[in-house]
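Only one structure is covered here, and it is reproduced in the block below.
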Amino acid sequence: MIHFKNISKSFGKNLVLQNVDLQINTPGIFALLGPNGSGKTTLIKTFMGMVCANSGEILFNQQVVSGNEYRKKISYLPQIARFPENLTPLEFFDFIEKLRGPAPRKEELIHWFNIEAFLHKTLRNLSGGTRQKINLVSCLMYNNPVLILDEPSTGLDPVAMLKLKKWILAESQQGKQIILCSHLMDFVQELADEVIFMLDGEVHYRGNQHQLLAQTNTQTLEEAIANLLSEPKAQLVC
Amino acid sequence: MGAMGRTMIRYLVIIIIVVGGSVTANARELVVGLSSAVTSLSSALKMAKPYDTLCVNAGTYHPDSTLIITKPLYIFGNGNAQIEAAQNQGIFEIRSDSVTIAGFTLQNVPKNYLKDLAAIWVDYSQHFYIGNNTINNCFFGIFITKSKNGIVENNTVKGQAIHEHSSANAIHLWYCQKMVVKNNWVRHHRDGIYLEFVDSSNIENNISEQNLRYGLHFMFSNYDAYQQNTFSNNGAGVAVMFSKFIQMHRNNFNANWGDAAYGLLLKEIYDGEITGNTFQKNTVGIFAEGANRIHLRQNDFIANGWALKIRGSAMNNEFCYNNFIGNSFDLATDARTDYNSYHHNYWEEYSGYDLNKDGLGDVPHRPVKLFAYLVSKLDESILLMRSSFIELLNFAEKVAPSVTPTSLMDKTPLMKMYRPA
Amino acid sequence: MLKVFKYSFLDLMRNRWTIAYALFFALCSAGLLYLSGDGNKVIVSAMNIVLLLVPLVSVIYGQMYLYQVREYVELLLAQPISRKAIFMGYYLGISTALSLSLLVGFMLPALLLQPSYLLNTNWLLLIVIAVVLTFIFTGLACWLVLKYDNRLKGFGAGLFIWLLLAVLYDGAILVILLLLEDYPLEKLALVLSMLNPIDMGRMLLIFQLDYSALMGYTGAVFSHFFGTRLGGFILTFGFGVWLSFPIVLLLSKARKKDF
């Protein structure tokens, strides 16, 4: 129940979003795809209130987004895992919990991603993959109806990757809305129900993954995207 | 008014009686008292013959007019003899040689803009003695004109001066010679001790404080010595002007604060010696203008705003073996070239070293800071005191002097505080 | 806001630089207390250190910490708390941590070496001024971090502001006073120095210490001014403005900024 209404945003002269109009009404996994600089992250950030749009408005559950309370229902995973470096993961989770309230699934996720051994080391000394796992735990430990995951698979080993996929699918099955930004096409292909393809600050294509594959007559999402990039826009929008 | 004072009076009385007795064989003693045969001071003065002794018993006396003494007399207050001034009158007026007035409490001589009313006025007299009196709330305390060889000692003079123009001095000497002013305590007057045209006199061991203007003020007075006096909390400190051959030793100049307040103001002073004095917490320790050939030695300058302010007109003075400790500015001058000599002083701010261990710094000390110069040019810049920028400027100036006189330096600064052996 | 404050504060208190900062002031004040007996001298020397270093460290350290926070700020912004709460929380966290270091650095040596200083009004006033300056310059640091994404520019601007207020400003006042020498300048001089928090702190202390030099005519005028209720009010007001000014800048920048 997210509705972007004619969102435009520019950074200086650089027009990043142009009249983006997008509705996500049904549960499911939505892959937000597009080349670098196409506006995916900016679009998400306007929704999270991190970027102020120049024009347009965003509705969440039929209400114009304002204030901070609506974020209680959203779990957001930032693209790059950055933490207060002097804290240990446990203190960091504690930090998040203090800000947002007790997290019901913390222990479960710590176990799920198998990071018990790192809980008492300072974040500064942890490897990229471990940091991403901690990032994931801090995001997923809340049982929220909306999940926004920006590049969740960065730096993960195959085992963790598998676990992440399982978790996302399980969440989806509970009827949640999951928005997924990723460059790993096979990862997206396995999960996504719908594909939203952005190009130059506009929604270039939106549709069911199977339809897209069928329409472009391709086997993989990667090929489909490559195909999309070479096709004129008008033909593709359903 | 200790036992010593009293003994001295006794000796004096004996001497005077012996000397006087040889002149007039039959000196009498008259007792004046409220319950005695003679009740009034003025009639006693009339009855008395020269060299008689008037013994005034305890009590409060209200003479109708000023008590004028025209013959040599010894007048003593016996116990608490208190004399109140008559309306618009002074109390004693001495117009004869060899008069002694001692042991009285003299009170409430009113202010007068036309006449110099005083508790004791001495005029054209010699060999007088004024001692052990307490003078309260009088316009002038002790006022001495055209006199010689007198002694003023152990008196306490306390005024209630509020405005300079409507108040007068505690001890005032004019055209006098060979006077001794000693052990007096004067306060709350316009000037504590005032001397004009007074030569060859000795001002010693007095305390002069909380006076509106100067603790000690003298002009045109030569060959005088000022020793062991304390001048503190006076409106403008001590002013010494137009005088020659002055000796000032071991005095204390304390806490003379305010605009144009000086521990010691030297103006047109020649050939004096200023030794062993202490200048503490004054706005300006010594301000010298037109002071020449003065030797300033072994003085302590402690926690003053400016320890020394020297005008270009002050020349050929010697500053040596002085201690400069904790002053905001040790030395300020408006001169580009300074003609005084500074050597063997202790400057607390000196940052040099002494490699050969002879007790003298190996690098000359420049006591004039750039900021001191700036403040002397521009009062308001005092607001920038202790600012980092100013410290930077001072440092730069110290390294490469451009504004302060290059020749002004102490080439032999002491490494340790000077203490006389 | 309290939550963010609490976390940043604890985080900073464990930081070795915060501890080094406290240690530095402890050594300074211990040295001063030990070497010179005279009360005013200790305070003046400590004041020179405070007026120069506290703003510098507040700006640089505040910026260093916030540029680091700036990296994970997205994580905070995604939480259901306001931007205001986040940045005010950090601002207060840094200021309080630095202030606490100052407090320890000044109080501990005094307690051990000369306990009478714990009740010395001038010593306490110096600490209060140091704390106020910490808050002001940390506020400026927070604002600069939001204003400049480029760290080099941010640190450059921070250093410049410090240099301007701590050193150059007084030079400018001096030049202005010298240029306008022929006019009555007391009020102008006073107003100009009141525009700079470092100068305000310095004057407040200097006029508390009994500097005889300040009792010359102009000095007396100034001294009188600082003694009156009006002077006290204006000083409080000046510090108030300086305390709130960076916060206003910070909050308005935080409200509009894209992360």
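The model shown is predicted, which means the values in this text are computed figures rather than measured ones. In what follows, every chain begins at residue 1, and chains take the letters A, B, ... in the order their sequences are listed.
- The number of heavy-atom neighbours closer than 6.0 Å to CZ of B:Arg419, taken from other residues, nucleotides and ligands shown, is above 12.
- Neither the backbone nor the side chain of C:Leu192 has a heavy atom closer than 4.5 Å to any heavy atom of chain B.
- Between chain B and the residues C:Leu205, C:Leu168, C:Ile198, C:Asp170, the largest count of heavy-atom pairs under 4.5 Å involves C:Asp170.
- Separating the CG atom in C:Leu174 from the CD atom in B:Glu380 is a distance of 11.5 Å, to the nearest 0.5 Å.
- Both the backbone and the side chain of B:Leu384 have a heavy atom closer than 4.5 Å to some heavy atom of chain C.
- At a 4.5 Å heavy-atom cutoff, the contact between C:Ala166 and chain B is made by backbone atoms alone.
- Heavy atoms of B:Gln280 lying under 4.5 Å from chain C are absent altogether.
- When atom types are taken as modelled, the side chain of C:Arg202 and the backbone of B:Leu383 share a donor-acceptor pair closer than 3.5 angstrom.
- If you measure heavy-atom distances from C:Leu51 to chain B, you find no contacts under 4.5 Å at all.
- For the set B:Ser388, B:Ser387, B:Ser381, B:Ala255, the entry with the most heavy-atom pairs within less than 4.5 Å of chain C is B:Ser387.
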